[in-house]
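All remarks here apply to the structure that follows.
Below, all heavy atoms of this structure are taken into account, side chains as well, without hydrogens, waters or symmetry copies.
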Amino acid sequence: MQDGFLTVSVIDSSTNRPIENATVNIYKNPESGERQTQIYQNLKTDNSGQVTGLTLDAPDIQYSQQPSDVRPYSQYTVEVISDGYETAIIDGTQVFPTVEARQNVPLNSQSRRRHFYYRQNENVYDIGDNTLYGTYPPKIPESDLKLLPAPTGFVVLDNPVIPEFVVVHDGLPNDNSAQNYWIPFKDYIKNVASSEIYSTWPEQTIYANVIAIISFTLNRVFTEWYRSKGLNFTTTPIVSKKFLLFINL
């Protein structure tokens, strides 16, 4: 085992204001045959809404440097409690060796209700495995060459531009029951990268992968790939929305 590091940032979900003096508890998720154990208890966020400098066990770095059947990160549960807010539980926070994981935790006011799973006034967010380790459906085949769509009533851009937001469909393209969410472009890129690559990789490798992710996303925007098919969103996530919102490199 090696040391990994974690910073927890707690904000008001409606205002993005940091929440000071929130209580943070950290639990180690059990491996097969183990019981969940509490690592940190009753930590308090500072005036920036953060708890920093947490040291946690993580697997040896060799497992994230080459293909391996061993999960290259440890999984933790982060529980955040604050007066006037609904408790948030992030189940599956990933901690890699030698690097810092940053876990954002937005809290909902007790007067607000969201379409998440509730348990005794708690919001529970389950984070899936990284796509390099987990098992997910194969990518839907599509042509490498994408022509600009015929006019659809939307503006087709003359040149690619960086949008402020992308509309993310939380499911397969033809799943009409899935919701659409407006996600800031920077957050979308950052969190897709977190779901596709490992933060222990060499810096230039991370840069190359992020450039590819940005290029692919801008292609979706520029060609109106989904809107040209009569769908009202920009892109679909690598994994679920809950993952996209809460895990960062």
Checklist entry - Does any non-hydrogen side-chain atom of N209 lie less than 4.5 Å from one of E196? => result no
Item to check | All side-chain contact (heavy atoms from CB on, under 4.5 Å) counterparts of F5, not counting sequence neighbours | outcome: D3, T55, E100
Checklist entry - Can you name the closest pair of heavy atoms from N108 and S13 and give their distance? => result OD1-OG, 2.7 Å
Checklist entry - Do the side chains of L56 and Y40 get nearer than 4.5 Å, heavy atoms only? => result yes
Item to check | Steps toward side chain to side chain contact (heavy atoms under 4.5 Å, CB included) verdict (D170, V168) | outcome: CA-CA 6 Å; D170 187 21; V168 181; 5.9 Å; no
Checklist entry - Below 4.5 Å, heavy atoms only, C-beta onward: do L43 and L54 meet side chain to side chain? => result yes
Item to check | Closest heavy-atom pair and its distance - T217, V166 | outcome: CG2-CG1, 4.4 Å
Checklist entry - Got a sec, which residues hit side-chain hydrogen bond (donor to acceptor under 3.5 Å, both in side chains) with S9, two or more places apart in sequence or on another chain? => result Q50
Next on the checklist: Testing the basics here: between A88 and L107, what is the closest heavy-atom pair and its distance to 0.1 Å?
Outcome noted: CB-CD2, 3.5 Å
Item to check | Those residues that, when tested against D175, pass side-chain hydrogen bond (donor to acceptor under 3.5 Å, both in side chains) (two or more places apart) | outcome: S177
Checklist entry - Shared ILVMFWY cluster between Y27 and V10, side chains joined below 4.5 angstrom? => result no
Item to check | All side-chain contact (heavy atoms from CB on, under 4.5 Å) counterparts of P184, not counting sequence neighbours | outcome: F165, D187
Checklist entry - Can you tell if the side chain of V95 reaches within under 4.5 Å of the side chain of K28, non-hydrogen atoms only? => result no
Checklist entry - At what distance, to the nearest 0.5 angstrom, does NZ of K190 lie from CD1 of I213? => result 13.0 Å
Next on the checklist: On a heavy-atom basis, which atom in L231 and which in P173 lie closest, and how many Å separate them?
Outcome noted: CD1-O, 3.9 Å
Item to check | With sequence neighbours excluded, residues passing ring pair (Phe, Tyr, Trp, His ring centres under 6.0 Å) with W182 | outcome: none
Item to check | I90 side chain reached by V105 side chain, heavy atoms, under 4.5 Å | outcome: yes
Item to check | L132 atom CG: more than 12 heavy-atom contacts under 6.0 Å | outcome: yes
Checklist entry - So how far is it from Q94 CD to N29 CG, rounded to the nearest 0.5 Å? => result 10.5 Å
Checklist entry - Does the side chain of Q103 come within less than 4.5 Å of I127's, by heavy atoms? => result yes
Next on the checklist: Could you measure the distance from the CD atom of Q75 to the CG atom of D91? Nearest 0.5 Å is fine.
Outcome noted: 8.0 Å
Could you give the side-chain donor-acceptor pairs of residues 19-26 under 3.5 Å, partners two or more places apart or in another chain?
| unit_1 | atom_1 | unit_2 | atom_2 | d |
| --- | --- | --- | --- | --- |
| T23 | OG1 | K44 | NZ | 2.5 |
| N25 | OD1 | N42 | N | 2.7 |
| N25 | ND2 | E79 | OE1 | 3.0 |

Checklist entry - Does the pair D12 and Y85 meet the rule for a side chain to side chain donor-acceptor pair (under 3.5 Å), with working shown? => result CA-CA 9 Å; D12 184 299; Y85 293 91; 2.7 Å; yes
Next on the checklist: Which heavy atom of P59 sits nearest to which heavy atom of P72, and what is that distance?
Outcome noted: CG-C, 3.7 Å
Checklist entry - Any idea which heavy atoms bring F233 and V167 closest together, and the distance? => result CB-O, 3.6 Å
Next on the checklist: With rounding to the nearest 0.5 angstrom, report the CD1 to OG distance, I206 to S194.
Outcome noted: 9.5 Å
Checklist entry - How many angstroms lie between atom CD1 of I39 and atom CG of D57, to the nearest 0.5 angstrom? => result 7.0 Å
Next on the checklist: Side chains of P97 and T200, heavy atoms from C-beta outward: is any pair under 4.5 Å?
Outcome noted: yes
Checklist entry - Apart from V70 itself, what residues make up its hydrophobic cluster, given side-chain heavy atom links below 4.5 Å? => result Y63
Checklist entry - Are any of the side-chain heavy atoms of T77 and I89 separated by less than 4.5 Å? => result yes
Next on the checklist: Is there a path of hydrophobic side-chain contacts, each under 4.5 Å between heavy atoms of I/L/V/M/F/W/Y residues, joining V192 to Y133?
Outcome noted: yes
Checklist outcome for this item: Those residues at least two apart in sequence (or on a different chain) that pass side-chain contact (heavy atoms from CB on, under 4.5 Å) with I214 are F185, I189, V210, L218
Checklist outcome for this item: side-chain contact (heavy atoms from CB on, under 4.5 Å) filter on I11, not counting sequence neighbours, yields N16, P106
Item to check | Any residue meeting side-chain hydrogen bond (donor to acceptor under 3.5 Å, both in side chains) with Q2, in chain and number order, not counting sequence neighbours | outcome: none
Item to check | side-chain hydrogen bond (donor to acceptor under 3.5 Å, both in side chains) against T235, all qualifying residues, sequence neighbours excluded | outcome: Y188
Checklist entry - Taking atom CD of Q110 and atom CG of D83, what is their separation to the nearest 0.5 Å? => result 8.0 Å
Checklist entry - Are I183 and I162 joined in one hydrophobic group, where the rule is that I, L, V, M, F, W and Y side chains link up if heavy atoms are under 4.5 Å apart? => result yes
Checklist entry - What pairs with Y73 under ring pair (Phe, Tyr, Trp, His ring centres under 6.0 Å), at least two apart in sequence or on another chain? => result F96
